[in-house]
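For ligands, and for the atoms within them, numbers begin at 1 and follow the listed sequence. As the structure is a computational prediction, the values presented were derived from the model and not from experiment. Note: hydrogens, waters and symmetry copies are ignored here, and every other heavy atom, side chains too, is used.
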Amino acid sequence: MLPVPTVRDATLDLLRSAGMTTVFGNPGSTELKFFRDWPADFRYVLALQESCVVAMADGFAQASGCAAFVNLHSAAGVGHALGSIFTAYRNHTPLVITAGQQTRAMFPTDPYLYAADAAAFPRPYVKWSVEPARAADVPAAIQRAWHVAMQAPRGPVFVSVPEDDWDAAAEPAPFRPVADPPEPPAAALDALAEALRTAARPCLVIGAGADQDGAWDEAVAVAERLGAVVWASPMVGRVGFPEDHVLYAGHLPPLRQALADRLAPHDLVLVLGAPVFTYHVHTGGEFLKPGVRLFLITDDPDEAARAAVGTAITGSPRAGLRGLLARLGSGVPRSQRGRVAAAPPPMSGRPTGAQVMAAIDRLLPAGGVVVEEAPTHRNDLWEHLRIRRPGGFFAGASGGLGWALAAAPGVALARPGQAVACVVGDGSALFGIQALWTAAQWQLPVTFIILNNGGYGALKSFGRMLGIAAAPGHDLDGLDFAALATGFGCPARRVTDAAHLESTLDAAFASHATSLVEVVMGDGGPELY
Ligand SMILES: Cc1ncc(C[n+]2csc(CCOP(=O)(O)OP(=O)(O)O)c2C)c(N)n1
C-alpha cells in the first residue's frame with residue numbers, strides 16, 4: 001500500500017500545480033508545522049506586518065496574473081490584514097489566504113491565540129471562507145479556495161487551518177484547473193455592434209478589468225476601427241489603454257454630475273471591465289445626460305447587476321472586444337481626437353506634483369511599472385505620467401491607504417528585471433512603511449518616491465470643500481523619511497529643489513536597487529476636485 005500523504009505534503013503538491021510556490025507571510029506558533037521540511041522549490045517572503053503581507057501578495061498576483069498564497073497568524077494576523085483584504089477584494093485580486101488556528105483538541109477552552117468563528121472574520125471581503133470540519137479535508141479546501149479565487153470575478157478567499165492539521169493524513173484532492181471567463185452572449189454582441197456602427201460619437205471607457213483580462217490590443221483595435229475616443233474609468237486601479245494614443249481622452253472624474261458632463265458629447269458609451277461608475281463624493285445630478293446610451297461588458301455579474309444605468313453584458317471584456325472586431329468589419333472611423341498632452345513643467349523652484357510626475361515619465365526605464373498612492377497628486381499623475389504598456393500601472397481600488405508601498409515589492413518580485421516606481425504620499429507611506437525592509441532584503445529594484453507635503457493634503461482639501469476650517473489630526477510634523485528608510489536598510493536621498501529632481505531620480509533608477517527618494521513638496525498639495 002502507498003503511504004498516505006500528510007495534509008502538508010498534499011497542500012505543497014497542490015500549490016506547485018497552481019504555480020503558487022511563493023508564500024507571503026508572517027509566521028507564528030500556529031503555523032510552524034506547515035514549514036516542517038520546507039522544500040527548496042518554495043520561497044517564503046516575510047513582511048513585517050500582515051497588512052503589508054497581503055498587499056505584497058496582491059501586487060505579486062496582479063503583476064504575475066496568477067493567484068498568490070498567503071499565510072497569516074491566527075485572528076491577530078488576519079485582523080492586521082483586513083484593510084488590505086478589503087483592497088484586494090475591490091481590486092479583484094486572486095489570493096488564497098490561510099491563517100493558523102489553535103490545536104483542534106483545545107477549542108473547547110478558548111485557548112491563547114484561538115480564533116473564534118475564524119471563517120467569519122474576513123467576511124464580507126472574501127469570496128469564500130472556511131475552516132474545514134476535518135483535518136483530512138484541508139487540501140480539498142485549499143484546492144476549492146484556489147478555484148474560487150481564480151474564477152471570474154477574481155478575488156481573495158480564506159482557509160483557517162488548525163495547527164495540528166498539517167501532520168494529519170490527507171484525503172486525496174487532485175488539482176483541477178480553472179476555465180477562462182465565459183464569452184459574452186452572441187446576441188448581445190450583435191446588438192452592441194449594430195449600436196456602435198450607427199452611433200455618431202461613440203466612446204470607450206476602460207477599467208481595471210480590461211487590463212486584468214489582457215484586453216489592451218483588442219481595446220486599441222476597436223477604438224481605432226470606430227474612431228472612438230477612450231476614457232479611463234474613475235479611480236481606476238489599472239490602465240488598459242496606451243495613454244499616449246491619439247484617441248486617449250483622459251480620466252473620468254469620480255463625481256456623478258461632472259462625469260455625466262464629461263460624457264455628454266457622446267451618444268454611446270461602451271464601458272469595459274469597470275463599475276458603472278465608481279464615485280467618491282456625492283454630488284447628486286444625472287448618471288448620464290438624456291440621449292446617451294451606455295453598454296457595459298464585465299466578467300463580474302454583480303458589477304453588471306448594480307450598474308446605475310445602461311445595458312450590462314456579462315462575460316470576458318477581451319472576448320467581447322474580439323467578438324465586436326469580428327462583427328464590425330472594416331468599421332466606421334470617425335474623426336474624433338483624444339486630449340491634448342500637457343506641456344512638461346519647467347524644472348525649477350520648490351518641487352510640485354507635476355514636476356515629479358513629468359520626471360518619472362521621462363526617466364522610468366523602458367518596461368518600468370508605476371505603483372501609486374498619492375491622493376492629491378493623482379491628477380498630476382494622469383496629466384504628466386503616461387502609461388504606455390499593459391500591466392504598467394497599479395493602484396488600490398478601495399480608497400484604503402497602506403496598499404501601494406507594500407504592493408510595489410510584490411510587483412517587483414513578479415517581474416524580475418523591471419524597474420518599479422512607487423509614488424506615495426507621506427501619510428500613505430506610513431500605513432505600510434515596514435515593506436521597505438522586505439524590498440531591501442530581496443534587493444528589489446523599487447524606487448519609493450515619497451511626496452512629503454507635511455500632512456494629509458487630501459483631508460485638508462476636503463475640509464476646504466466642506467467649509468471645515470481647521471480639523472484636528474491633519475499635520476504630520478517631525479518625520480524624517482530618509483532616516484526611516486536607512487533604518488530599514490534602504491538607501492535614501494532627499495530633494496528640496498526641483499532642479500535636482502531629475503538627477504536624483506536618474507541615479508535611483510540607474511542603481512537597479514531598492515532606494516527611497518523623499519521629495520519635500522513646495523506646498524500642501526493641490527485641490528482634490
Ligand atoms: C486606511 C485609511 N485611513 C485613513 C484614510 C483617510 N485618508 C484619505 S486621504 C488621507 C491623507 C493621505 O495623505 P498623503 O498620503 O500624505 O497624501 P496627500 O493627501 O497629502 O496627497 C487620509 C488619511 C484612508 N483613506 N485610508
Side-chain angles (χ1 to χ4, degrees), residues 49-55 58 79-91 122 125 234-235 237 254-255 278-282 350-357 360 370-385 394-408 421-436 448-466 468 470-482 484-485 494-495 516-529:
Q49 209 271 8
E50 288 83 351
S51 99
C52 295
V53 172
V54 170
D58 187 332
H80 285 169
L82 281 179
S84 294
I85 295 174
F86 166 56
T87 298
Y89 186 76
R90 288 299 193 93
N91 287 350
Y125 297 115
M235 295 302 205
L255 311 171
T278 300
Y279 303 113
H280 185 193
V281 183
H282 183 62
R350 297 283 305 280
T352 64
Q355 290 166 334
V356 175
M357 302 307 173
I360 299 171
V370 177
V371 182
E372 179 263 345
E373 194 170 283
T376 53
H377 296 102
R378 191 161 279 165
N379 290 333
D380 292 324
L381 187 146
W382 297 135
E383 197 68 26
H384 293 283
L385 206 175
F394 299 100
S398 70
L401 302 178
W403 181 84
L405 202 126
C422 177
V423 202
V424 293
D426 49 341
S428 300
L430 290 164
F431 288 97
I433 198 76
Q434 300 93 329
L436 293 178
F448 297 95
I449 301 150
I450 312 289
L451 307 184
N452 186 353
N453 59 4
Y456 292 153
L459 297 185
K460 293 178 186 178
S461 173
F462 259 117
R464 288 190 288 274
M465 222 187 298
L466 301 173
I468 298 166
H474 288 14
D475 291 316
L476 301 176
D477 295 322
L479 287 160
D480 181 340
F481 280 90
L484 279 169
R494 181 181 284 126
V495 181
L516 181 143
V517 176
E518 176 184 4
V519 185
V520 181
M521 307 299 284
D523 57 28
E527 300 300 348
L528 261 184
Y529 304 119

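The shortest heavy-atom distance from A429 to ligand 1 is not under 4.0 Å. Heavy-atom distances between G399 and ligand 1 reach below 4.0 Å in at least one pair. Remark: distances from the non-hydrogen atoms of G400 to ligand 1 include one below 4.0 Å.
At least one N or O atom of T376 sits closer than 3.5 Å to an N or O atom of ligand 1. At least one N/O-N/O distance between G457 and ligand 1 falls below 3.5 Å. Polar contact with ligand 1: absent for E373 (N/O pair, distance under 3.5 Å). For the pair G455 and ligand 1, the shortest N or O to N or O distance falls below 3.5 Å.
Of the protein's heavy atoms, D426 OD1, 2.5 Å lies nearest to atom 16 (O) of ligand 1. Scanning all protein heavy atoms for the shortest distance to atom 14 (P) of ligand 1 gives G427 N, 3.5 Å. Scanning the protein heavy atoms around atom 2 (C) of ligand 1, the nearest turns out to be L401 N, 3.7 Å. At the shortest separation from atom 13 (O) of ligand 1 among protein heavy atoms lies Y456 CD2, 3.4 Å. Protein heavy atom nearest atom 17 (O) of ligand 1, with residue, atom name and distance: P375 CD, 3.4 Å.
Atom CD1 of I468 and atom NE2 of H474 lie 8.0 Å apart (nearest 0.5 Å). Note that the CG atom of L516 and the CD1 atom of I433 stand 7.0 Å from one another [nearest 0.5 Å]. Rounding to the nearest 0.5 Å places CZ of F394 at 15.0 Å from CD of E373.
Proximity to F431 (heavy-atom distance under 4.0 Å) selects the following atoms of ligand 1: 3 (N). Within the listing of ligand 1, atoms 9 (S), 18 (P), 19 (O) sit less than 4.0 angstrom from a heavy atom of A458.
Judged purely by atom type and a 3.5 angstrom limit, N91 has no side-chain atom pairing as donor or acceptor with the backbone of G396. Between the Q49 side chain and the G432 main chain, no donor and acceptor come within less than 3.5 Å of each other. Judged purely by atom type and a 3.5 angstrom limit, D426 uses its side chain to pair as donor or acceptor with the backbone of G454. Between the side chain of R494 and the main chain of V517, no donor-acceptor pair closer than 3.5 Å is present.
Ring geometry, F462 versus H280: the interplanar angle exceeds 60°, so the pair is classed perpendicular (tilted spans 30 to 60°).
Under 4.0 Å from ligand 1, not a single heavy atom of L451 appears. Under 4.0 Å from ligand 1, the heavy atoms of N453 that appear belong solely to its side chain.
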Stepwise side-chain contact (heavy atoms from CB on, under 4.5 Å) check, M357 with V423: CA-CA 9 Å; M357 302 307 173; V423 202; 3.8 Å; yes

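Between V281 and L528, the closest side-chain pair of non-hydrogen atoms is not below 4.5 Å.
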